[in-house]
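First the proteins, then the strands, lettered A, B, ... as listed; each starts at 1.
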Protein chains: 2
Amino acid sequence: MTSKNIPEHARVYGCLRDMILFGDLVPGQPVTIQGLVDQLDVGMTPVREALRRLTAEGALMAMGNRRIVVPKLGLSHLEEIYYARLAIEPKLAEIAAKKSTPRLVSDLQIIDDRVDAAIAKGDIGAYLRENHAFHFRLYRAAEAEVLQSIALSLWLRIGPSLRAVGGRRGTTNLPDKHDKAITGLVASDSSMVYSAIEEDLRQGMDHVRQDMIFQNGEEAD
Amino acid sequence: MTSKNIPEHARVYGCLRDMILFGDLVPGQPVTIQGLVDQLDVGMTPVREALRRLTAEGALMAMGNRRIVVPKLGLSHLEEIYYARLAIEPKLAEIAAKKSTPRLVSDLQIIDDRVDAAIAKGDIGAYLRENHAFHFRLYRAAEAEVLQSIALSLWLRIGPSLRAVGGRRGTTNLPDKHDKAITGLVASDSSMVYSAIEEDLRQGMDHVRQDMIFQNGEEAD
DNA sequence: GTGAAATAAATATGATCAAATTATTTCAAC
DNA sequence: GTTGAAATAATTTGATCATATTTATTTCAC
């Protein structure tokens, strides 16, 4: 059983990426190389590589002075992400719909059940994980590397803020146009899948935007 | 002595990035760590960091087996890039137009003169450089980090192929809707700037697409 | 053509040096 | 005598390199 032998830098990358994607890191939080070396018990070269990669993807942000932090989004950045997500993700979903398989549909149904369960339990962490799984299982089916990597970058940028919003507002009012997307897939109606994902994004992003505007009014920074 | 003391890994990154952006590296060409260490006379840690970053941006591609190469685009990847560029770049131009300054206009005029000169001389390298300078001087004015970083990633992906096409077809028939864009800026007509950049991209990308289809017909791989 | 040895390149560690932040001390002013 | 600001010392963190280990590929023998 020769294990896949994933390189350390890839393991560190995956670990950090998930932490950012699922809100284990707070916006504004500093990320130190030495801290990760101690915490994950690896050398510093792999850590550095992982950090450069995540910085390039927008998941982390390099300040001028050698410091790396989890970015906290401003309203203008949020609008950019909103625009880009609407431009990229529904298209990915549409392409995926044209290549749909029974396997894709059954996978998505299973995942969506878990999404619903997480919402019912009020478990933000599980919701973020399963919601991500749903979208990227769909996007992966599009077999469109370039668009998918853009989508991942956008999710990484918004991950920490999603968690923060969920923590304040709970799991009520979370978007769920997943049913409509699945219906579109089984009906081979790619434009229905397109609009389902579009609506799903709009709901989620509007949620974040409203929270951000509210927060801005409450606390000055 | 106001040297900014740019770190090695950033210098290596910038160097490699320009080489890819302006076609000094051929699609399919392997990029080795050792080679860069010898060529640029730096340690391997900075080289590794630069390579990870460029890989994350899509400028380089990691094969499964520890090899890194300059990706060569297939037709389906080209279509993805085409779609994404049309979704992102005209929007960036439009935002920039709404924040236009006299300084921006004069900068763009100067750069566009250099673009025309490069076309007249048939100097592909200079054309790629000045054309990039024109677009990103405009995009930079939008002050939209997220969209701009997506645009950069897309340019990095298509850079090597642009050079290859230019090498085969020369500088004739290269797009130049730059005049229209500048006209739109001085007229404060942001939708005119939007469509100017849109047309510019279409011309350039159609050029690459046609060449790619032709090449596919000629040589099998 | 298959398998084992050789080669070359990538991965990973720890040490060393440089830079930046934090803590501390000193000195001056009230 | 206490407070506050500036300067300096100390600690933490980042950047780079040299080296050892692992892994993929190639070469050569059978």
**Complete:** Rounded to whole Å, the NE2-P distance (B:His9 to D:dA15) equals 5 Å

**Prompt:** C:dA10 P sits how many Å from A:Glu49 CD, rounded?
**Reply:** 12 Å

**Prompt:** Going through the checks in order, is the side-chain hydrogen bond (donor to acceptor under 3.5 Å, both in side chains) test met by B:Arg52 and A:Thr55?
**Reply:** CA-CA 10 Å; B:Arg52 289 301 161 223; A:Thr55 302; over 6 Å; no

**Asked** For B:Asp211, which residues count as a salt bridge (Lys or Arg N to Asp or Glu O under 4.0 Å) partner, sequence neighbours excluded?
**Response** B:Arg168, B:Arg169

**Asked** Which residues satisfy the side-chain contact (heavy atoms from CB on, under 4.5 Å) test with A:Lys98, sequence neighbours excluded?
**Response** A:Glu94, A:Ser190

**Check: B:Glu57 side chain, B:Ser153 main-chain N or O, donor-acceptor pair, under 3.5 Å** = no

**Prompt:** Would you find more than 12 non-hydrogen atoms of other residues, nucleotides or ligands less than 6.0 Å from B:Asn65 atom CG?
**Reply:** yes

**Prompt:** Between B:Arg48 (CZ) and C:dT13 (P), how many Å, whole number?
**Reply:** 11 Å

**Prompt:** When the distance from CD1 of B:Ile33 to C1' of D:dT22 is rounded to whole Å, what number comes out?
**Reply:** 14 Å

**Message:** At 4.0 Å (heavy atoms only), tell me whether B:Arg11 reaches a base, stays on the sugar-phosphate, or touches nothing.
**Reply:** nothing

**Message:** Run through DNA chain D and report every stem of 3 or more consecutive Watson-Crick or G-U pairs, distances under 3.5 Å, ordered by first number.
**Reply:** C:1-30 with D:1-30

**Salt-bridge contact B:Arg11-B:Glu8 (side-chain N to carboxylate O under 4.0 Å)** = yes

**Asked** Can any side-chain N or O of B:Lys72 pair as donor or acceptor with the backbone N or O of B:Gly28 at less than 3.5 Å?
**Response** no

Under 3.5 Å between N/O atoms: give me all the protein pairs with nucleotides 17-19 of chain D, atom names plus distance.
residue	atom	partner	partner atom	Å
D:dC17	OP2	B:Gly43	N	2.5
D:dC17	N4	B:Thr45	OG1	2.9

**Item:** Row check, B:Trp155 ring normal vs B:Arg17 NZ/CZ: under 6.0 Å, within 45°
**Value:** no

**Message:** Are B:Tyr13 and B:His9 an aromatic pair, judged by ring center distance below 6.0 Å?
**Reply:** no

**B:Gln34 CD - D:dT25 P separation (whole Å)** = 17 Å

**Asked** Nearest to the side chain of B:Thr32, which nucleotide is it out of C:dT11, D:dT16, C:dA9?
**Response** C:dA9

**Interface with DNA chain C, restricted to residues 61-69 of chain B and to heavy atoms under 4.0 Å** = B:Arg66

**Message:** How many whole angstroms separate atom CD1 of A:Ile6 from atom C1' of C:dA10?
**Reply:** 17 Å

**Item:** Nearest heavy atoms of B:Arg137 and B:Leu104, plus distance in Å
**Value:** NH1-CD1, 3.5 Å

**Prompt:** More than 12 foreign heavy atoms under 6.0 Å from NZ of A:Lys121: is that the case here?
**Reply:** no

**Prompt:** Should the pair A:Arg209-A:Glu79 be classified as a salt bridge under the 4.0 Å nitrogen-to-oxygen rule?
**Reply:** yes

**Request:** Drop me the distance from A:Asp200's CG to A:Arg85's CZ, to the nearest 0.5 angstrom.
**Result:** 8.0 Å

Return the polar atom pairs (N/O with N/O) between nucleotides 3-5 of chain C and the protein under 3.5 Å, or none.
none

